[in-house]
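Not measured: the values here are computed from a predicted model. These values consider heavy atoms only, across backbone and side chains, with no hydrogens, waters or symmetry-generated copies.
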Amino acid sequence: MTVAHASVLTILAISFERYYAICEPLRAGYVCTKTRAMLICLLAWAFAALFTR
């Protein structure tokens, strides 16, 4: 169940990032960084692991 929840949260985060890249293309290069993406993925996994039990 943790993997299923983490997958949904990761896809949701990717969707928000893509939406931001389309709506704010000039600022997306500064806001959407690899470090921020890794942090969001780690937070999604931690959130899923914490609340799945």
Q: With sequence neighbours excluded, give me every side chain to side chain donor-acceptor pair (under 3.5 Å) pair touching residues 24-36.
A: Tyr20-Arg27

Q) Apart from Leu42 itself, which Ile, Leu, Val, Met, Phe, Trp or Tyr residues share its cluster (side-chain heavy atoms under 4.5 Å, direct or through members)? A) none

**Q.** Met1: side-chain contact (heavy atoms from CB on, under 4.5 Å) partners, not counting sequence neighbours
**A.** His5, Thr52

Q. Other hydrophobic cluster members with Leu43, side-chain heavy atoms of Ile/Leu/Val/Met/Phe/Trp/Tyr under 4.5 Å, chained?
A. Leu39

Q) Taking only residues two or more places apart in sequence, or in another chain, which ones meet Phe47 in a ring-ring contact (aromatic ring centres under 6.0 Å, His included)? A) Phe51

Q: Quick one: name the residues clustered hydrophobically with Val3, using the 4.5 Å side-chain heavy-atom rule over I, L, V, M, F, W, Y, and just say none if it's on its own.
A: Trp45

Q: Please identify each residue that fulfils side-chain contact (heavy atoms from CB on, under 4.5 Å) with Ile14, with sequence neighbours left out.
A: Thr10, Arg18

Q. Taking all non-hydrogen atoms of both residues, which atom of Ala48 and which atom of Thr2 are closest, and how far apart?
A. CB-O, 3.8 Å

